[in-house]
Amino acid sequence: MDIGKVIGTVVATRKDPSLEGTRLLIVQPLDEKHNPIAEPLVAVDTLQDAGVGETVYFVTGGDAVGVQPGKRMPVDVAIVGIVDSVTLIEELN
Amino acid sequence: MDIGKVIGTVVATRKDPSLEGTRLLIVQPLDEKHNPIAEPLVAVDTLQDAGVGETVYFVTGGDAVGVQPGKRMPVDVAIVGIVDSVTLIEELN
Amino acid sequence: MDIGKVIGTVVATRKDPSLEGTRLLIVQPLDEKHNPIAEPLVAVDTLQDAGVGETVYFVTGGDAVGVQPGKRMPVDVAIVGIVDSVTLIEELN
Amino acid sequence: MDIGKVIGTVVATRKDPSLEGTRLLIVQPLDEKHNPIAEPLVAVDTLQDAGVGETVYFVTGGDAVGVQPGKRMPVDVAIVGIVDSVTLIEELN
Amino acid sequence: MDIGKVIGTVVATRKDPSLEGTRLLIVQPLDEKHNPIAEPLVAVDTLQDAGVGETVYFVTGGDAVGVQPGKRMPVDVAIVGIVDSVTLIEELN
C-alpha cells in the first residue's frame, strides 16, 4: 500500500478482454513526505475517479486482482483511494 | 512478516467501498534491533488497536487480503499484532 | 504493471503440461520514457499477439496466473496488452 | 524458498485471533554457503519444531498462507523444513 | 519467470508433510546472456526431471503453489521447464 501522484496515461487498444473499459494511469510513488521514490508504474484506476495531478494510494500484487467483485482482471497495481492528507505524528528517535 | 513502528496516519475519504471504516496508518519498518530500514508504508490496522508510537508486526502481499474473514479487501499491508518484546538469542558466527 | 519491449524468445520443449502451446518471450522492462530499467525477464504472451520489437505492458506475480480463464498456469509474468502510446502529463515539482 | 538460521524470538500477546498458539521466530537469511544475506525477518514456525540455532528453509509470500490446512492465517513467512545439508555440485563457469 | 542453472541440492528430512517426495534444488538465476544475477535460491523440481548443470526456467511467488494439481504445497520457487535455447532478436537502441 503506497502513496503516489498520477503523472500520465497509457493508451493500449489491443489488450486482454478483461481489461476493456479500464483506464491505465502512470503513478509516481511518493514517500510520506511527498518526495518521489522508485520508478513510476502503470496502475489501473479502479475508482474511475483519479485525475492527473492527484495524490492516490494504490495496492500492488495479488490483492489488486480482486478489486472489482465478480471480475478477475490481470492487474497488479490498482488505485484504491484518493488521499486527502498524510499526517506524521511521531518521528523515530 | 516484519516489525515496524506506527508514525502517522493517512486520511482518504474517496476510496474503494470495501475499505470503508478501516484505519490507514503509516508504519516505519524496523530491523530486529529497532533501527529503521526501508521506506515507511501505509498499512491497514486490522486489529483496530494499534496506536501511534507502538511497535507492531505486519504482513505484506496477498496474505494481507484475507485478514478479515468474509471480507475481501484490496489491501497489501496489514497490521496483525502488537509486539511486546524481541529477543535475539543467537548471533551468527 | 509495467511496460517493456519484446527483445527475444525462449524455446523449451520439456515443460509443465499446462504451459504447452504458450509462447515465451524475453521482455526488457522500460521506464515511462522508454529507457531500460532492471533485468530482462521471461514472459508468457497470453495475447498470442506480441511481436519482437513491440512495446507491451505486462503483469507480474500471482495475477499472472489467472490470465487464461479455466486454465491455471504456473506463470508469474504475463503480457496483457500492446502499448500504443505513453503520455506524461504532469511532471513532479 | 530460502535458507536461514533461527536467531531469536518475538513475543506478541495482542494479535490476530488466527495467529493464537503460533510461535514467531527471527530468521537470518543465508546464502548457499551459509553467509548471512539481507535483513533478518519474522517467521511463523509451522513445524512447531525449529529451535534457535537451527538452519531452516522457509517460504515467503502468498504461499505461506496455506501452510496449515483449513486455517487461513495472515502469514507471509513460514518455516517449512529443517535443513540437514546443502550440497553445491556445480559451480558456474 | 526467470532462467537459471541447477548448481546443487538441499537435503531436509524434517519438513512439511505436503513436501514429502519432492526434490529441492539450488538454482543460480541467470540473465538472458547466461550471466549469473542475484543470489542462488532453493526451488522445488516439479518436473522431477531437472539435472544438475541444466538450464531451467522457474516461477516465483504464489504461482508456484498451484504447480501440482490437487496438492497445495508451501512452495514459492518451482522449476517448470527445461530451456533448450534463448534467442535475443532485438537489442534496445
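Since the structure is predicted, the reported quantities are computational estimates derived from the model, not experimental observations. A, B, ... follow the sequence lines: proteins, then strands. Residue 1 opens every chain. The analysis underlying the following values was restricted to heavy atoms, covering all of them including side chains, and did not include hydrogens, waters or symmetry mates.
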Item checked: Euclidean distance, B:Glu20 CD relative to B:Thr13 OG1, rounded to 0.5 Å ->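 Rounded to the nearest 0.5 Å, the OG1-CD separation comes to 9.0 Å.
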Margin query: Heavy-atom pairs under 4.5 Å with chain B: which of A:Thr55, A:Asp49, A:Val56 has the most?
Written below: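 If we count pairs closer than 4.5 Å to chain B, A:Asp49 comes out on top.
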Next item on the list: Heavy-atom pairs under 4.5 Å with chain B are the metric here; pick the option from A:Ile3, A:Asp2, A:Ile37 that has the most.
Entry: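 The option with the most such pairs is A:Ile37.
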Margin query: Looking at every heavy atom in both A:Ile26 and A:Thr9, which two are closest together, and how far apart are they?
Written below: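 Closest approach of A:Ile26 to A:Thr9, heavy atoms only: CD1-O, 3.9 Å.
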Item checked: Residue A:Ile82 versus chain B: region with a heavy atom under 4.5 Å ->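 Contact with chain B involves both backbone and side-chain atoms of A:Ile82.
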Margin query: Quick one, A:Tyr57 and B:Leu19 - any side-chain contact, counting heavy atoms below 4.5 Å?
Written below: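 Yes. Closest side-chain heavy atoms under 4.5 Å.
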Item checked: Side-chain heavy atoms of B:Val27 within contact of B:Val77, under 4.5 Å ->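 SC-SC contact between B:Val27 and B:Val77 ruled out.
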